[in-house]
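One structure is given below, encoded as structure tokens.
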Amino acid sequence: MSIFSEVPAAPPVAVFKLSADFREDDHPQKVNLGVGAYRTDDCLPWVLPVVKKVERLIVEDDSLNHEYLPILGLPEFRSASSKVALGDDSAAIKENRVGGVQALGGTGALRIGAEFLRRWYNGVNNTATPVYVSAPTWENHNSVFADAGFKDIRPYHYWDAANRGLDLAGLLDDLEKAPEHSIFVLHACAHNPTGTDPTQEEWKKIAEIMKRRNLFVFFDSAYQGFASGSLDKDAWAIRYFVSQGFELFVAQSFSKNFGLYNERVGNLTVVAQDSDNLTRILSQMEKIVRTTWSNPPSQGARIVSKTLNCPELFAEWKGNVKTMADRVLLMRDQLKSKLQALGTPGTWDHITQQIGMFSFTGLNPKQVEYMIKEKHVYLMASGRINMCGLTSKNIDYVAQSIHETVTKVQ
Amino acid sequence: MSNKLTGPVRITATTQAMSVFCEVPQAAPVAVFKLSQDFNNDQFPNKVNLGVGAYRTDEGKPWVLPVVKKVEKIIVHDDRLNHEYLPILGLPEFRSSASKIALGDDSSAIQENRVGAVQCLGGTGALKMGAEFLRRFYNGNNNTKTPVYVSAPTWENHNAVFANAGFEDVRPYKYWDAENRGLDLAGFLGDLETCPEHSIFVLHACAHNPTGTDPTHEQWKMIAEIMMRRKLFVFFDSAYQGFASGSLDKDAWAIRYFVSMGFEMFCAQSFSKNFGLYNERVGNLTIVARNADNLKRVLSQMEKIVRTTWSNPPSQGARIVAITLNTPELFAEWKDNVKTMADRVLLMRAQLKAKLQALGTPGTWDHITEQIGMFSFTGLNPKQVEYMVKEKHIYLMASGRINMCGVTTRNINYIAESIHETVTRVQ
């Protein structure tokens, strides 16, 4: 008998199962609106021109080698990343109370932050501190914090399905009622999966309660620049909270805005009260990193670091990011227009009001099933679509399919 | 966190309450990196770093393998490649070729479809994934009490990796016989006989870190016999395949023997040293299961663990290794690069021993050439080590471990003389 005979089969991750089903589908007009990666108008992956350029620079640079990075990562990557989030003129950075931990994408940053908090936040080894994640949220948030040891992960009100918008009252109420010192995972911009972000005024209300009630701020920032096309605009919430004096974490991902999905480029920005606290925090972060991946991978961090730290490359990158953001905005615009032109039942303003890669269409599970099975348009059971999967070639088919689905299936 | 202020206070960025992190203690630095840091800060002109385990050329410099440089250029010019997410378990052609390297081209276990792999972040990541899986699913569910045995001494991170994966009982097994400067076989076998059944043992596949002392084939057979009889779990750590003897097959003998004996087991492989790809974090957890069905279920659970740790692994290093292993000319070139490194280490071993013997340094120095791989356990005691570091500016681990790669034709005389001086002056 095998020592593994009792190991149960785990279900596949939904979004990858969707892609697998899509790949196996022979239908000539099939469309994949599932997994969150950018696609060109030819529906192809896009290696950013600035990335291609920097990769060539790196391979030609004989001064570089493959020696271990420091445990916390490439220093010039860490500082440049935190600067992108907090701003060039960040007072917190000038006060030497901002640090970074280079991590394996946004997931790695969340994980290291969660592992740290479980060990050192709100007591020692406090697995009972509630962790709040939005309802709905990225499907992996819950598991990351659970695997880091937290025993009490709860939803906070976020999406108002009836009104297709933010349930602000519910969110603020959860903030008022949460146990003090609870941890809240906030999406910095381009909320996944709803695409619905608080307005600046709404963020201010959120911050006021969180400060008053000693709640911990943990931003997940996976789409900076990608959402609106502007790095600064997309970082407004993070910067506001920092200006309000919060100590906080920001899990940054460069997967989307650099198109470097498979090089796993992330950064956990830590904003502490002062450099003494920061030093001690980072020393404990090192211990956690050491037993997880020892030290992080170099290639992606080098690409990002070179780009951010070189003015021409930085400008070129911002141009590339805007290209992606603009195409998504165009698709949003066109999809809404086509649905309105078709007279599809319901309102479709949310398609252009929502921001970032994803749109929460409002399609219910039966309608989603119809879209997949009958129309071969693949989307998540929640009704989430990846706008990047839309192109000028398939948008008519997608609009017609939504129209047919909504009229036939209730 | 209690706020000691009374009365209404307007909270600003400068008058806020205490830090939520004020109780977080300063962690001690990792010893081997602290050593390198001290070395870097040392102004002494003849200083030598025999600490951290990375290969150095005879000029004392890092070495990017020529085959690696070649493949990096191939990759950057291949416009078919993009940066889309790898599968959760990693690049398929990397995983299969990496497992093949460990188990052999003719591995029947591979042919029987009962070998799988998880691309991981270096050897550390592979150990971590394996440990997390075992804690959840081995010897019951969430069995954090299963003893995990690591050699005495061992790589300083083994203990922490398993402890952080949730195992509560990480223990040493006898390994190094300090008096005789060799393997404490009787102690080792004794621990295997008396430990609780189903205990997990972390075995070094070759080039034991830090002692450089490996069991012989006959000794491995004895170890395997007991482990099979007593149902102990085999978890190999293979960080130096090819690097130790210069031969991939020789260095994988123990792994292949255990597979041939029918063990289900894990092997954490690192390509940091044998590819010189330290900072791209290239590793592989090879899993040998009873059959394809068990393997499938194991891998499905590995996906869940990977997903909450790093989601999916980094591409660059895995691509370099996969292209190299899967292209006959590049594979041959790589084996040659590996032999270059192994041969230089063997040369330094031979020369260091010869010089110590020529100097008439007290003690026997055969262990320098008997030991294998990157490291040598010199036998220097802590006071002697301190003397070496402080008086001679030769940096080595407190255990007496030296990295042979730090020895070059330029510094070997100074090192030999320093050891001689130390051993004669300090007891």
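Hydrogens, waters and symmetry mates are skipped; everything else that's a heavy atom, side chains included, is used.
For the side chain to side chain donor-acceptor pair (under 3.5 Å) test with S19(B), the passing option among E247(A), Q273(A), R280(A) is E247(A); the others fail. Screening L110(A), L104(A), V13(A), T107(A) for a side chain to side chain contact (heavy atoms under 4.5 Å, CB included) with S311(B), the sole residue that qualifies is T107(A).
Interface remark: of the candidates A160(B), G125(B), A163(B), G283(B), A160(B) forms the most heavy-atom pairs closer than 4.5 Å to chain A. Ranked by heavy-atom pairs under 4.5 Å with chain B, the list A301(A), P45(A), A103(A), A109(A) is led by P45(A). Options I75(B), L121(B), L86(B) differ in how many heavy-atom pairs under 4.5 Å they form with chain A, and the most are formed by L121(B). For the set E72(B), K304(B), K231(B), the entry with the most heavy-atom pairs within less than 4.5 Å of chain A is E72(B). Heavy-atom pairs under 4.5 Å with chain A peak, among K69(B), H83(B), E264(B), at H83(B). Counting heavy-atom pairs closer than 4.5 Å to chain B, the top residue among D274(A), V47(A), N262(A) is N262(A). Comparing R111(A), R56(A), E6(A), E286(A) by how many heavy-atom pairs each has under 4.5 Å with chain B, the most go to R111(A). Ranked by heavy-atom pairs under 4.5 Å with chain A, the list A126(B), A165(B), A131(B), G276(B) is led by G276(B).
Heavy atoms closer than 4.5 Å to chain A are found nowhere in L91(B), neither backbone nor side chain. Interface residue E60(A): only side-chain heavy atoms are found under 4.5 Å from chain B. Proximity to chain B (any heavy atom under 4.5 Å) is shown, for F4(A), by both the backbone and the side chain. Both the backbone and the side chain of N65(A) come within less than 4.5 Å of a heavy atom in chain B. Looking at V282(B), neither its backbone nor its side chain comes within 4.5 Å of chain A, counting heavy atoms on both sides. Proximity to chain A is limited to the side chain of D79(B), based on heavy atoms less than 4.5 angstrom apart. Residue contact with chain B, scored on non-hydrogen atoms closer than 4.5 Å, involves the side chain of D62(A) exclusively. Residue V7(A) touches chain B through both its backbone and its side chain, counting heavy-atom pairs closer than 4.5 Å. Interface remark: L64(A) contributes backbone atoms only to the contact with chain B (heavy atom separation under 4.5 Å). There is no contact between Q37(B) and chain A, counting heavy-atom distances below 4.5 Å. Contact annotation for N312(B): both backbone and side-chain heavy atoms come within less than 4.5 Å of a heavy atom of chain A. Heavy atoms of P313(B) lying under 4.5 Å from chain A belong exclusively to its backbone. The part of R319(B) that comes within reach of chain A is its side chain, from C-beta onward, which places non-hydrogen atoms under 4.5 angstrom from that chain. Contact annotation for V51(A): only side-chain heavy atoms (C-beta onward) come within less than 4.5 Å of a heavy atom of chain B. Neither the backbone nor the side chain of F258(A) comes within contact range of chain B, judged by heavy atoms closer than 4.5 Å. When heavy atoms are compared at a cutoff of 4.5 Å, M285(A) does not approach chain B at all.
A 4.5 Å side-chain heavy-atom check between W120(A) and P25(B) finds at least one atom pair inside the cut-off. By the 4.5 Å heavy-atom criterion applied to side chains, P8(A) and F137(B) are counted as neighbours. Looking at heavy atoms from C-beta onward, Y261(A) lies out of side-chain contact with S315(B) at the 4.5 angstrom threshold. Under the 4.5 Å side-chain criterion, counting only non-hydrogen atoms from C-beta, V24(B) is not in contact with R119(A). The shortest side-chain heavy-atom distance between Q26(B) and Q284(A) does not fall under the 4.5 Å cut-off. Using a 4.5 Å heavy-atom threshold, the side chains of S2(A) and N291(B) count as separate. For the pair L278(A)/F21(B), no side-chain contact is recorded, criterion being any heavy-atom separation below 4.5 Å from C-beta on. Using a 4.5 Å heavy-atom threshold, the side chains of Y68(A) and S272(B) count as touching.
Taking 4.5 Å as the heavy-atom cut-off, the residues of residues 141-151 of chain A that approach chain B are S143(A), V144(A), D147(A), ordered by number.
Listed by first and then second residue, the salt bridge (Lys or Arg N to Asp or Glu O under 4.0 Å) pairs involving residues 271-281 of chain B amount to none (not counting sequence neighbours).
Pairing each heavy atom of S300(B) with each of A10(A), the nearest pair is OG-N, 2.8 Å.
A donor and an acceptor atom, one from each side chain of R290(A) and N164(B), are nowhere located under 3.5 Å apart. Donor-acceptor pairing under 3.5 Å is lacking for the side chains of H77(B) and E55(A).
Residues passing the ring pair (Phe, Tyr, Trp, His ring centres under 6.0 Å) test with F233(B), sequence neighbours excluded: Y138(B), F266(B). In terms of the side-chain hydrogen bond (donor to acceptor under 3.5 Å, both in side chains) criterion, Q316(B) has no residue partners (sequence neighbours excluded).
Taking 4.0 Å as the cut-off between side-chain N and carboxylate O, E67(A) and K61(B) do not count as a salt-bridged pair.
In the displayed structure, K17(A) atom NZ is contacted under 6.0 Å by at most 12 heavy atoms of other residues, nucleotides or ligands.
The closest donor-acceptor contact from the side chain of T291(A) to the backbone of V161(B) lies at 3.5 Å or more, if one exists at all.
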